[in-house]
Protein chains: 2
Amino acid sequence: MATIAILGAGIMATALTFPLTENGHKVNLVGTHLDRDIIESIQTTGIHPDLDLKVNDKVVAYQLEDAEVAFEGADVAMSGVNSFGVHWAGEQLAKLVKPGMKVLIITKGMEADDEGNLYLLPEVMQRYFDEDLKNSVTWSAIVGPSIAGEVAVHHDTCVIFAGEDQQSLDYLADLFRTDYYHVWTSTDFRGCEIGAATKNIYAFAAGLGQGLLRKEDKQDDRYVRHNYNAAVFGQGQTELRQFMSLLGGKPETADGLAGVGDMYVTSAGGRNVRAGTYVGEGIPFSEVRDSLMKGVTLEGVNAIRVIGGALEPLTKRGVIEPEDFPLCRYLYQIIEHDAPLDMPFESFFGTMK
Amino acid sequence: MATIAILGAGIMATALTFPLTENGHKVNLVGTHLDRDIIESIQTTGIHPDLDLKVNDKVVAYQLEDAEVAFEGADVAMSGVNSFGVHWAGEQLAKLVKPGMKVLIITKGMEADDEGNLYLLPEVMQRYFDEDLKNSVTWSAIVGPSIAGEVAVHHDTCVIFAGEDQQSLDYLADLFRTDYYHVWTSTDFRGCEIGAATKNIYAFAAGLGQGLLRKEDKQDDRYVRHNYNAAVFGQGQTELRQFMSLLGGKPETADGLAGVGDMYVTSAGGRNVRAGTYVGEGIPFSEVRDSLMKGVTLEGVNAIRVIGGALEPLTKRGVIEPEDFPLCRYLYQIIEHDAPLDMPFESFFGTMK
């Protein structure tokens with residue numbers, strides 16, 4: 001039996017307590033300052049209000065002030081915060097994590113500097129650790145197509161545990177594996193993280209065709225816009241694979257769960273797709289952001305802002321060509337400059353001959 | 001202005017008459033013996049009954065007995081029949097096609113011999129041509145994510161014209177290109193045809209998760225089975241790419257329109273997905289075939305039968321390993337041996353470690 005301490009009590013972190021506790025492990029779930037109500041709810045009723053499910057008995061919920069107790073003696077230290085909390089989480093974990101622990105991250109995304117250099121979030125988090133501590137633990141992450149609630153209700157889910165240390169990956173995978181939670185491992189840590197971060201870009205794009213149909217009032221017509229969506233998906237997949245090469249992942253990691261599979265599930269629905277749908281309907285993105293979806297966490301939009309924003313400096317430096325990543329560049333124009341919907345199909349799939 | 005003669009008046013062939021005639025070209029649309037009512041309808045009312053749309057004036061519809069007149073002097077000879085009619089179409093076209101014509105094929109699929117050798121349908125069709133005639137024309141095909149009705153109603157559609165002769169491809173692409181019908185070209189003829197044929201296998205698989213949800217009476221639950229579908233899609237994409245290598249296509253053709261994009265649109269709905277849904281609900285495939293969907297053309301199921309059936313002899317001959325193509329092999333068990341739904345996730349994505 002192992003003890004897993006998790007910082008962040010969002011739906012994904014909490015969903016992962018199901019396979020863990022069903023395998024007999026103990027989970028200490030620590031809320032961030034934004035999770036106070038969630039933790040109180042779990043402490044009093046056992047119910048996670050956003051998941052709308054009762055967590056298993058072996059989950060012990062802690063408010064943030066009790067984080068030290070929760071992490072004391074843990075075998076695994078997990079970061080369950082989303083990409084917006086990565087700096088805060090890095091700071092906290094640098095205090096909570098102890099040598100020998102296995103760090104497991106579900107936070108996904110990238111950050112960029114002014115020159116367009118892109119950094120994966122585990123790298124960002126590691127900056128808060130002093131060198132000795134950083135090297136005295138192992139770093140791993142969970143990627144792949146995984147809607148949190150589906151894990152919690154025991155629907156089959158296939159994921160990859162990625163990291164540099166195969167032994168840690170095997171240990172961690174073993175803690176989580178059940179008959180519905182299927183775990184593969186990969187030592188292409190960078191590639192897996194690149195897929196996880198860039199697929200969010202294209203979730204926003206997946207909503208545009210549906211919005212366009214609504215704008216035309218054709219959403220109930222016999223013929224909808226599957227061809228449009230498929231072309232956008234195909235270009236998204238092509239760019240995801242190009243990001244893999246550009247940022248140092250293995251090309252084959254763009255296949256299967258960490259790339260295409262994850263992009264598929266992210267495109268099937270959710271907040272980023274909804275934001276794209278509004279834009280497809282003809283609403284400027286700034287209005288979606290400031291009014292229709294005010295306060296809603298949009299990791300896909302953030303990915304477009306960060307990664308899309310890095311493309312211009314990378315082009316200026318000659319690292320990429322102006323015709324590379326046309327879809328990501330166009331999505332950046334939508335979210336930063338309120339560009340109207342006019343999909344640049346002719347720029348897709350390499351030069352059109 | 002060019003003249004395009006098309007054999008077969010199904011929905012895809014007829015949909016393609018829209019961009020052609022809007023570009024000022026003349027289309028002679030010849031029905032097969034199965035299309036008599038369609039041709040009569042177009043001749044009398046202009047309406048294609050299955051598309052439920054009026055075709056443009058520049059389309060002239062011919063019954064099969066007038067095929068020779070229709071093909072006389074045509075610049076382009078198209079095969080618009082489906083994969084079940086490939087031998088018949090080969091025989092007919094061998095008589096109708098004249099030297100110098102550009103042959104353009106929308107029939108997709110494969111055939112296998114007893115040793116598991118797989119042949120693309122353009123190859124099968126070419127067998128009916130004598131060597132001189134075969135070499136006096138050029139051979140091209142249309143592939144990519146394209147639902148026929150969407151083309152007909154002018155929804156954006158991105159496709160690839162594939163063939164060995166770039167000049168013919170450029171000529172053909174130019175005949176079809178409009179502001180909604182976007183055409184790329186590729187000289188990886190084999191790769192494009194492999195993608196077009198194998199993607200149908202995985203359309204059937206795309207229905208299984210939805211069927212399973214129905215069986216569990218959970219289709220209206222908050223948490224459905226996107227994770228399941230994404231894992232199946234990811235494995236399908238992985239196998240499509242492997243088929244590309246196995247059968248002599250370029251690996252990169254598995255990206256974008258000819259591979260992932262086409263698989264995406266085929267998985268979004270249609271008859272093959274529906275057949276998979278029934279099996280997911282727990283109905284043996286033989287009952288789906290002989291009763292629920294009796295007489296319905298299922299090209300995906302046929303692809304599983306042909307390509308899936310070739311995997312065993314290919315394995316025996318040592319061409320592939322027993323652990324290759326686990327999803328395709330399992331789908332073959334479903335459609336040939338009424339295997340119940342029990343997705344072999346653990347066999348996916350290479351060996352599970």
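Below, read A as the first sequence line, B as the second, and so on, with proteins coming before strands; counting in each chain starts at 1. Note that the structure is predicted; figures quoted are calculated from it, not measured.
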- Message: Let me confirm one number: the SG-CH2 distance from B/Cys158 to B/Trp184, rounded to the nearest 0.5 Å.
- Response: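 Result: 4.0 Å between the selected atoms.
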- Item | Residue among B/Ala148, B/Gly261, B/Gly149, B/Gly259 with most heavy-atom pairs under 4.5 Å to chain A |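 Top count of heavy-atom pairs under 4.5 Å with chain A: B/Gly149.
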- Message: Can you confirm whether B/Leu208 sits close enough to B/Thr277 that some side-chain heavy atom of one is under 4.5 Å from a side-chain heavy atom of the other?
- Response: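 In short, these two side chains do not touch, never coming nearer than 4.5 Å.
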- Message: Within the 4.5 Å heavy-atom criterion, are B/Cys328 and B/Phe243 side-chain neighbours or not?
- Response: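 Result yes, sub-4.5 Å side-chain heavy-atom pair found.
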May I ask you to decide if the ring planes of [X] and [Y] are parallel, tilted or perpendicular, using 30° and 60° as cut-offs?
X: B/Phe348; Y: B/Phe345; result: perpendicular
X: B/Tyr264; Y: A/Phe233; result: parallel
X: B/His154; Y: B/Phe18; result: perpendicular

- Query: Non-hydrogen atoms of chain A under 4.5 Å away: do they reach the side chain of B/Val151, the backbone, both or neither?
  - Reply: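 Both backbone and side chain.
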- chain A heavy atoms under 4.5 Å from B/Leu53: which part of the residue, side chain, backbone, both or neither?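 It is the side chain, since no backbone atom gets that close.
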- Item | chain B contact residues among residues 212-226 of chain A, heavy-atom distance under 4.5 Å |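 Within residues 212-226 of chain A, the residues that come under 4.5 Å of chain B (heavy atoms only) are A/Leu213, A/Glu216, A/Lys218, A/Arg222, A/Tyr223, A/Val224, A/Arg225, A/His226.
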- So which heavy atom on B/Lys250 is nearest to which on B/Asp188, and how close?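 Result for this residue pair: N-OD2, 2.8 Å.
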- Query: Between B/Thr157 and B/Pro145, which heavy-atom pair has the shortest distance, and what is it?
  - Reply: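 Minimum heavy-atom separation between B/Thr157 and B/Pro145: CG2-O, 3.8 Å.
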- Query: If you count heavy-atom pairs under 4.5 Å between each of A/Val153, A/Thr238, A/Asp156 and chain B, which one has the most?
  - Reply: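 Highest number of pairs under 4.5 Å: A/Asp156.
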- Message: Shorter than 4.5 Å, heavy atoms on both sides: which option in A/Pro251, A/Ala231, A/Gly256, A/Gly234 has the most such pairs with chain B?
- Response: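 Answer, by heavy-atom pair count under 4.5 Å with chain B: A/Gly256.
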- Message: Report which part of A/Glu150 has an atom under 4.5 Å of a heavy atom belonging to chain B: side chain, backbone, both, or neither.
- Response: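 Looking at A/Glu150, backbone and side chain both touch chain B.
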- A/Lys199 vs A/Asp262, salt bridge (charged side-chain N to carboxylate O under 4.0 Å, His left out): CA-CA, chis, key distance, verdict: CA-CA 7 Å; A/Lys199 63 97 171 37; A/Asp262 203 1; 3.4 Å; yes
